[in-house]
Each structure stands twice: as structure tokens, then as C-alpha cells.
2 protein chains.
Amino acid sequence: MESEKNFLSEYKIENYERPSVTADIVAFMVRNEAEKSYRKNSDNKLSVLLVKRGCHPFKNQWAVPGGFVKQNETIEECALREIIEETNVAPSALMPSLVFSKPDRDPRGRIISNSFISIISEEAVNAVGGDDACDADWFDISFTQDNNFFKLLLENSHTKLSALLKEKNHSFGRTYFEIIDTGMLAFDHAAIIASALSLLRIQAKDYDVIFDFLPEKFTLTALQRVQETILNVSVLPANFRRKISDYVIETNEFTVGAGHRPAKLFTRK
Amino acid sequence: MESEKNFLSEYKIENYERPSVTADIVAFMVRNEAEKSYRKNSDNKLSVLLVKRGCHPFKNQWAVPGGFVKQNETIEECALREIIEETNVAPSALMPSLVFSKPDRDPRGRIISNSFISIISEEAVNAVGGDDACDADWFDISFTQDNNFFKLLLENSHTKLSALLKEKNHSFGRTYFEIIDTGMLAFDHAAIIASALSLLRIQAKDYDVIFDFLPEKFTLTALQRVQETILNVSVLPANFRRKISDYVIETNEFTVGAGHRPAKLFTRK
DNA sequence: CAAATAGTGTCTCTAAGACAATATCAC
DNA sequence: GTGATATTGTCTTAGAGACACTATTTG
């Protein structure tokens with residue numbers, strides 16, 4: 001009887017069919033719009049990081065950042081490495097989303113994409129400043145449903161991408177999308193973004209992921225705006241505060257010079 | 001400037017590092033214990049399908065069923081194919097769980113595991129009968145927490161496997177496990193099972209996945225037992241019925257010959 | 001004081017949990 | 001009738017939503 005040691009020394013992994021594997025990261029940020037009028041709080045926008053592809057396939061089209069998994073790293077490590085390479089910032093959260101594995105999803109051949117959600121605070125992004133290369137940019141997201149169809153609109157000051165998706169399947173709380181129109185996004189990245197966003201919304205409901213969009217110390221109003229921006233709803237401040245009180249600890253610090261009553265700063269519990 | 005067509009004709013995917021990729025399926029069933037005493041309803045047990053490995057590595061140890069993804073199928077199709085090969089039954093639900101990708105998780109080399117939860121109704125399993133091969137069997141699960149440690153006990157009439165895990169991380173509602181003791185399960189399958197079970201429990205809370213454990217027509221008590229078995233809790237029948245009423249449609253049929261008041265049969269809404 | 005946001009108190013309504021009571025079968 | 005499960009009704013309590021009100025700052 002063959003021993004396990006002998007078996008392993010004879011085993012040639014390259015004799016078997018192997019796909020390529022990538023980690024692709026949908027990086028979200030909630031950012032403040034430029035302030036409109038004196039003393040008013042600014043509006044927030046949910047935005048996602050896209051990179052303009054410099055090489056084939058889909059050259060010059062926009063895609064979410066990502067790359068091939070190396071032999072000595074986990075897919076999570078790969079995702080973290082790729083998003084840091086792209087932004088120069090360590091994300092405050094990284095969470096697996098879906099795996100995309102249709103055999104023909106990439107014209108180069110069999111490439112399986114492990115998609116991730118990463119969350120980056122605006123403060124962190126501003127600290128490193130924009131990469132002048134201009135091949136990466138944040139796009140404001142609008143994601144609206146009309147019956148079984150979803151319209152994904154990604155927009156920055158130069159470019160507007162509009163993808164159309166259809167709900168293929170809704171099971172166990174997750175929505176699975178089929179692409180009707182890629183909106184000039186590379187590969188199946190329209191579906192990757194839509195899936196990530198619908199997962200982000202699920203998570204944002206239970207007061208978990210929303211903290212990662214803000215610096216360590218924050219006001220309750222800022223936290224409320226993050227949740228409202230992600231979920232595209234609005235709630236009454238009194239009720240939000242009652243509910244969130246279980247998840248935060250108050251500090252002795254306050255905002256200053258805002259032109260109205262100072263707000264107490266809180267930290268996450 | 002090179003055209004995309006030229007680029008693709010020159011592109012050799014085999015020049016790049018590629019891992020092997022598997023789909024591994026944690027198949028759950030809720031089964032009735034043998035009835036103890038006259039007229040009493042039987043207890044239920046949550047059980048999971050394991051196969052005894054016939055070849056190296058981990059020869060003769062127990063593992064969850066799975067196999068390598070073929071070039072022309074998605075990982076979901078692979079998972080479906082593998083679980084049907086093993087059970088001769090199409091599962092009533094198949095849902096992605098986590099991806100396991102530690103470079104050294106398989107002694108044969110770099111193999112990434114995409115884990116899935118599948119749910120099979122006891123009725124369907126009984127219909128095809130047990131595979132005499134005896135290399136596959138259902139194990140009753142007990143999964144208990146003691147501070148940050150989790151004990152996973154898998155037991156059938158012949159074998160008892162006891163694995164120990166530690167909570168590595170709890171983020172975004174999911175628990176990530178580190179294996180302390182494999183309990184003689186192959187590879188990192190103790191963590192794959194633990195992760196799947198903790199996801200199953202999350203899903204079972206919102207009256208979704210529980211239907212897949214039962215045939216099309218079922219009694220509300222049976223449905224309640226499924227939820228109680230998975231979550232290891234007990235609820236008052238009156239409250240369960242009030243809550244579940246939104247998710248079911250009553251039929252005109254009743255159970256017969258149970259030795260007590262007949263129960264109305266329902267279907268899923 | 002005006003404008004704006006920060007923060008508190010409380011009323012109502014709904015949903016969850018507990019528990020009591022009734023219904024219906026096989027023997 | 002007895003023993004068992006099936007099913008309904010209702011009391012109490014906790015939480016969500018709505019809304020009115022007070023507090024504090026800058027100019």
C-alpha cells in the first residue's frame with residue numbers, strides 16, 4: 001500500500017486543469033459633497049473606485065481594481081495587497097462578496113474572480129492625496145431598481161457610465177445579477193459592483209459596516225448620514241440616536257467652529 | 001497600437017501561476033430520530049454528509065464531498081455536479097459559503113476551496129436509499145460554543161469525530177474559524193463545516209432556508225422543529241405560527257393517523 | 001436675534017414573548 | 001376518557017416611528 005509520502009512526491013499538480021484566479025475589489029467610500037451654503041451640513045455621496053485599464057483586454061475601459069492571486073498568498077491577502085497598491089491606504093474593512101466563474105467571463109481564458117468589498121474612509125483617502133496618474137478615480141454611485149431591472153450609474157466629473165442589470169435570482173438574502181448592458185465597464189464588473197453594493201446595503205442595515213467609513217472619532221449625525229447615503233433612505237435623528245446608542249461610546253470631545261451647536265464625538269464600542 | 005484581437009491571440013494563460021480550484025459542499029439534512037414512544041413526535045437532528053477518502057492525502061479520513069472545477073463549468077455547476085454524484089439527489093438549495101485559500105491547506109499544492117452549503121430534504125434522501133458503498137454517511141452535528149472556542153462534534157452509529165476551533169475573527173455577521181484540533185477530519189474541513197454551519201444558522205433565523213429541509217407540503221410543527229433543530233433553541237408554537245404565517249399558504253390537506261389531532265399541511269409562499 | 005444643527009422627551013402603534021384555553025385524533 | 005399534538009386568543013412588554021421641544025453655537 002502506497003504511503004502518503006510517496007503519493008505526494010509523485011503528485012504533479014500541473015497535470016490537472018487549472019484556472020487562473022483573481023481577487024477583484026469593490027472599494028467604497030462615502031464622501032462629502034462640496035458645501036453648498038453657509039453653515040449647512042454637506043450632502044454625502046457613496047462612491048466606488050474604478051481604474052482605467054491600460055492594457056488589453058478592455059483597454060481604456062473602466063474596471064474595479066484587482067489582480068492575480070500569487071502562489072504564496074491567500075485571496076484575502078491578494079485583495080488587501082491590490083487595494084493598497086491602488087490607493088496607498090489600508091482599507092478599514094475588507095469582506096468577501098461573491099465568486100464569479102463563468103468560463104467565458106474573460107476573453108483571455110478561464111479566470112475566476114473572487115470579489116471583495118473594501119471600505120475606505122474619506123479622511124484616509126484625502127491624507128494620501130489623489131494619485132496624479134489619473135488612471136484611477138472615484139465614481140459616485142446611483143443604483144436604482146425598476147421591477148426586476150437595476151440601473152447602475154457611475155459618475156465623476158469627466159465620465160458617466162450607465163449599466164443595466166436584471167435580477168437573475170434572489171436567494172438567502174443575496175441578489176444575483178445578470179448583465180443586460182455593461183455600460184462600458186470591463187468584463188462582468190457591472191455585476192460585481194451591483195452584487196457588492198447589494199451586500200453592502202444588507203450589512204449597513206445592522207449598524208456594523210457604517211463605522212468603517214468614518215475616522216475613529218465621529219459625530220452621530222455623520223454616522224447617520226453614512227447609513228442614509230448607503231441605504232438611500234432617511235430616518236429621524238431621535239430614532240437613529242436611540243438605536244445607535246448600543247454601539248457607541250461617547251468621548252469628552254466636541255466639534256468646533258461649525259456655526260451651530262457643537263456635536264459630541266463618539267467612538268465605536 | 002496593438003489590437004485586442006492580436007493581444008488575445010498572443011496571450012498564453014499557462015505562462016502564469018495558476019492554483020487548482022475545488023468546490024466543496026457541506027450538505028445538511030434535518031432528520032427524524034427513531035420514534036421513542038407511542039404517539040410522541042420524534043426528535044430531530046441536524047446532520048451533515050461526509051465521505052471517507054479512498055485515496056491520498058488524508059486517506060481513510062472523513063471529508064466533505066467536493067472536487068476540482070472543470071474548465072467549462074462555473075463553481076456553482078461544479079458544486080451541484082459533485083453533490084448529485086455523491087447523493088443521487090438534487091439539493092433543494094445551494095448557497096456559496098466562504099473561500100478557503102491558505103497556500104498550505106492541501107499537501108498536494110496550491111488548491112483553493114470554494115465552499116458551499118447544500119440542503120437536502122430527508123424525504124429525497126430516503127427516496128434514493130443509502131449508497132451501499134458505505135464510504136459516504138450522514139453524521140449528526142453538535143456545535144457548541146465556550147467563550148472563543150467552538151466544539152464541533154460529528155457522530156454516526158460507527159464513528160465519532162470531535163474537532164476544536166477558535167474564533168479568529170467576527171466581522172460583518174460572519175464568524176471566521178481557526179482550527180485547534182482537526183478531530184481527524186481531512187484538510188481544513190473542520191473550519192469549512194463550522195463556517196457553513198454558522199452561516200446556515202444566520203439564514204435559518206429569517207425563515208428562508210428552513211423550507212428547503214422539508215418536502216413541498218409540510219406541517220407548521222415540522223417547520224418549527226427544523227428551525228429549532230438548526231438554531232438549537234425552542235420557541236412557543238403560538239408565536240412561531242404567528243410569525244411564519246406571512247411565509248406560508250395553507251392547503252386543504254391534513255396529516256392522517258398520527259394518534260392525535262391531524263395537522264394542516266402548508267406550502268411555501 | 002436668526003439660522004442652523006445637536007440633542008431629549010414622550011406618545012402611539014406594532015411586533016415579540018408568555019401563557020391560557022380549546023380542538024381533534026387513536027386507542 | 002386519556003394522552004398526545006394542533007390551533008387560537010389575549011395579556012404584557014419592548015422596540016420602532018413620529019413629532020414636539022429644548023440647547024448651543026457663529027455672525
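Here is the naming used below: chain letters follow the sequence lines, and residue numbers restart at 1 for every chain. Because the structure is predicted, anything quoted here is derived from the model rather than measured. All values below come from the heavy atoms of this structure, side chains included, with hydrogens, waters and symmetry mates left out.
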Q. Taking for each residue the nucleotide of DNA chain C bearing the nearest heavy atom, is the 5' side occupied by A/Ala263 or by A/Asn239?
A. A/Ala263
Q: Under 4.0 Å between any heavy atoms, over every strand shown, what does A/Thr221 touch: base, sugar-phosphate, or nothing? Just pick one.
A: sugar-phosphate
Q. Which of these, B/Tyr207, B/Phe213, B/Phe218, B/Phe266, sits in a side-chain contact (heavy atoms from CB on, under 4.5 Å) with B/Leu223?
A. B/Phe218
Q: Figure out the CD1/P separation between B/Ile244 and D/dA6, and round it to whole Å.
A: 15 Å
Q) When the distance from NZ of A/Lys264 to P of D/dT25 is rounded to whole Å, what number comes out? A) 13 Å
Q: Calculate the interatomic distance between A/Phe254 atom CZ and D/dT26 atom P; express it in whole Å.
A: 13 Å
Q: Please report, rounded to the nearest Å, how far the P atom of D/dA16 is from the CD atom of A/Gln224.
A: 15 Å
Q | Comparing A/Ala238 and A/Val256 on DNA chain D - which has the more 5′ nearest nucleotide | A | A/Ala238
Q. OP1 or OP2 of C/dA16 less than 4.0 angstrom from a side-chain nitrogen or oxygen of B/Lys243, does that happen here?
A. yes
Q | Interatomic distance, A/Leu265 CG vs C/dA6 P [rounded to whole Å] | A | 11 Å
Q. With the threshold set at 4.0 Å, does a side-chain nitrogen-carboxylate oxygen contact exist between B/Arg268 and B/Asp212?
A. yes
Q: Among D/dA4, D/dT24, C/dC19, find the nucleotide with the atom closest to the side chain of B/His260.
A: D/dA4
Q: Using atom CG of A/Leu236 as one end and atom C1' of D/dA20 as the other, report the distance to the nearest whole Å.
A: 12 Å
Q | Test: A/Glu250 and A/Lys264 ion pair at under 4.0 Å | A | yes
Q: Go through the N and O atoms of the side chain of B/Arg242 and the base of D/dG9, and report whether any donor-acceptor pair is under 3.5 Å.
A: no
(Q) Whole angstroms only, please: what is the NZ-P distance between B/Lys205 and C/dA16? (A) 15 Å
Q. Would one find a side-chain N or O of B/Arg241 under 4.0 angstrom from OP1 or OP2 of D/dT7?
A. yes
Q: Return yes when atom NZ of A/Lys166 has more than 12 non-hydrogen atoms of other residues, nucleotides or ligands closer than 6.0 Å, and no otherwise.
A: no
(Q) Can you confirm whether more than 12 heavy atoms, excluding those of A/Glu178, are under 6.0 Å from its CD atom? (A) yes
Q) To the nearest angstrom, how far is B/Arg261 atom CZ from D/dT5 atom P? A) 14 Å
(Q) Checking contacts here: which listed nucleotide (D/dG9, D/dT25, D/dC19) is nearest the side-chain heavy atoms of A/Pro262? (A) D/dT25
